[in-house]
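Below is one structure, written out as structure tokens, with a few remarks after it.
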Amino acid sequence: MKFNSVALTLATAGSLVAAHQHGHRHHHKREVVTVDGPTVVRYELDGKIISAEDVCNGIKEGKLAWADGNPPTDPCQTSTTTTTQEYTPTVAPAKFIETSSSTTTTTTTTTTTTTTTSSTTPAATSSASSPTATGLDAVFPDGEIDCGTFPSDYGAVSLDYLGLGGWSGIQYVTIVGELVSSIITAVTGDSCTEGAMCSYACPPGYQKAHWPSTQGATGQSVGGLRCKGGKLYKTNPDLSDTLCIQGVGGVTVKNTLSQHVAVCRTDYPGTESETVPISLAAGAEDDLTCPDGATYYQWEGKITSAQYYVNPAGVSQEEGCQWGDGSQPVGNFAPINLGVGENNGKWLSIFQNSPTTTEKLDFNIKIKGDNLSGSCKYENGVFVSDTGSNDSGCTVQVMSGEATYEFY
Ligand SMILES: *[C@@H]1O[C@H](CO)[C@@H](O)[C@H](O)[C@H]1NC(C)=O
Ligand SMILES: *[C@@H]1O[C@H](CO)[C@@H](O)[C@H](O)[C@H]1NC(C)=O
């Protein structure tokens with residue numbers, strides 16, 4: 001089931017106030033990222049979320065009327081009321097989820113409103129941080145860097161070929177109460193503008209440290225820096241004051257082929273597009289970041305793993321690590337995914353990019369390690385483990401030491 005989040009607006013009876021007010025900016029975009037899941041209908045009154053019950057009573061009593069036509073569901077028939085608690089991450093019965101297989105992009109013409117915050121520009125303090133301090137260890141100074149400046153100086157990797165000003169993804173969000181009610185995903189040519197969440201790639205072995213506690217109302221994820229008053233701000237300073245952090249370590253990917261291989265991580269939390277690149281030249285080995293389950297992003301209370309897309313041999317980073325059109329088995333249509341996560345142990349998997357494609361990869365992948373719980377490899381298009389072979393995938397736990405995904 002595919003859907004878009006629905007934010008309905010109620011206005012007080014008789015005053016058919018326009019839903020969009022001054023201080024808002026309209027964005028017209030082609031792509032809307034949607035996520036499979038239950039549809040949640042939310043009701044908004046004067047910028048605040050109110051329960052279906054209140055809506056139902058308000059309508060019955062004649063105190064409220066629909067501002068934008070009738071809703072898709074009758075508020076008097078649903079017992080579902082959404083609360084912010086529902087989406088507050090908690091440490092919990094951890095379960096691995098495949099983060100992006102449920103993501104799709106629909107092509108629609110959408111008009112959405114992004115709240116424009118006050119144009120007050122915070123005074124730049126030149127003493128707060130070293131003006132030239134740079135690199136992965138540099139503390140990112142809130143409110144100093146223009147939204148139009150990609151923060152390469154703080155270790156983020158600029159992806160110019162995406163046409164997003166170096167960002168790995170940009171989300172124009174509408175925030176209602178404590179939730180993001182709608183997300184418009186930027187397309188080539190767009191930029192990091194007021195109110196947007198601007199996400200970025202980190203080098204191999206590192207991962208983005210910033211995503212806001214305010215997440216999508218219907219389970220969509222949001223990540224990156226926030227553009228506010230024309231300047232960039234960290235969104236998760238409690239986790240790190242730098243832009244990039246390391247994972248738990250000990251996992252690498254090695255390309256023994258004679259051709260280049262592009263491995264691309266899902267930009268998650270964020271657009272969930274596979275835009276975070278690892279470019280492996282023939283013979284190269286690089287770190288594969290394994291997020292720490294205890295501290296990295298949790299989706300609805302569940303620990304998440306990193307998901308990587310493996311493109312066929314010879315596909316460039318530029319072609320492989322962005323959204324594809326389905327005409328070739330590259331990008332989000334790449335045949336194989338690698339899942340890498342830590343949750344009471346390090347877990348590594350290889351699986352088919354299903355249901356997107358049944359296409360086979362043109363090389364083999366084997367998980368090698370000092371001390372693995374079993375075996376797991378993808379050979380001649382089949383997944384083979386100690387317990388036999390199958391078409392969907394295999395997983396091993398790293399009991400101790402290091403592990404490598406070897407391409408051969
Ligand atoms: C195939 O492997 C996957 C991943 O390990 C597993 O979830 C599934 O149960 C297996 N299917 C069969 C038929 O063995
Ligand atoms: C493998 O790891 C387990 C769990 O950490 C440990 O008990 C075992 O001794 C290790 N085996 C080897 C051969 O290192």
Side-chain angles (χ1 to χ4, degrees), residues 89-101 136 202-209 239-240 244-257 261 263 265-266 268-269 276 278 280 283-310 336-353 361 363-408:
T90 52
V91 181
K95 207 172 133 196
F96 273 63
I97 61 158
E98 293 171 10
T99 60
S100 87
S101 55
L136 286 163
C202 291
Y206 287 80
Q207 58 193 340
K208 167 176 79 185
L239 177 63
S240 180
C244 299
I245 56 172
Q246 288 181 292
V248 295
V251 185
T252 61
V253 57
K254 183 175 184 181
N255 176 18
T256 70
L257 305 170
V261 178
V263 177
R265 179 173 172 169
T266 310
Y268 184 73
V276 178
I278 301 175
L280 289 160
E285 180 166 3
D286 231 328
D287 287 325
L288 205 54
T289 315
C290 177
D292 182 346
T295 56
Y296 210 65
Y297 178 70
Q298 296 196 347
W299 183 77
E300 299 189 349
K302 298 186 186 90
I303 286 175
T304 62
S305 54
Q307 186 166 320
Y308 296 87
Y309 285 69
V310 184
I336 294 295
N337 294 133
L338 308 179
V340 179
E342 193 279 328
N343 176 17
N344 295 319
K346 236 182 284 183
W347 300 85
L348 310 180
S349 62
I350 313 173
F351 53 97
Q352 184 69 34
N353 179 14
L361 197 60
F363 56 86
N364 303 318
I365 305 175
K366 182 179 201 167
I367 302 177
K368 295 170 103 174
D370 298 329
N371 185 1
L372 304 176
S373 62
S375 65
C376 173
K377 67 179 176 181
Y378 174 72
E379 209 166 57
N380 302 319
V382 177
F383 300 90
V384 185
S385 64
D386 298 336
T387 52
S389 63
N390 92 28
D391 286 338
S392 57
C394 54
T395 302
V396 287
Q397 185 179 359
V398 182
M399 305 307 289
S400 65
E402 314 221 315
T404 303
Y405 283 94
E406 188 172 288
F407 298 165
Y408 62 102

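For ligands, and for the atoms within them, numbers begin at 1 and follow the listed sequence. Residues take their numbers from the sequence shown, with the count starting at 1.
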* Asked: If you measure only the distance, is there a donor-acceptor pair under 3.5 Å linking the side chains of Tyr405 and Glu285?
  -> no
* Under a 4.0 Å N-O cut-off, is there an ion pair linking Lys366 with Glu406? -> no
* Asked: Protein heavy-atom contact under 4.0 Å for atom 14 (O) of ligand 2?
  -> yes
* Structure fact -> min-distance protein heavy atom vs atom 5 (O) of ligand 2 -> Met399 O, 3.1 Å
* Ring centroid separation for Tyr297 and Tyr268, is it under 6.0 angstrom? -> yes
* To do: Side-chain contact test, heavy atoms from C-beta onward, threshold under 4.5 Å: evaluate it for Leu348 versus Leu338 and give yes or no.
  => no
* For atom 2 (O) of ligand 2, grab the closest protein heavy atom and report residue, atom and distance to one decimal in Å. => Asn371 ND2, 2.3 Å
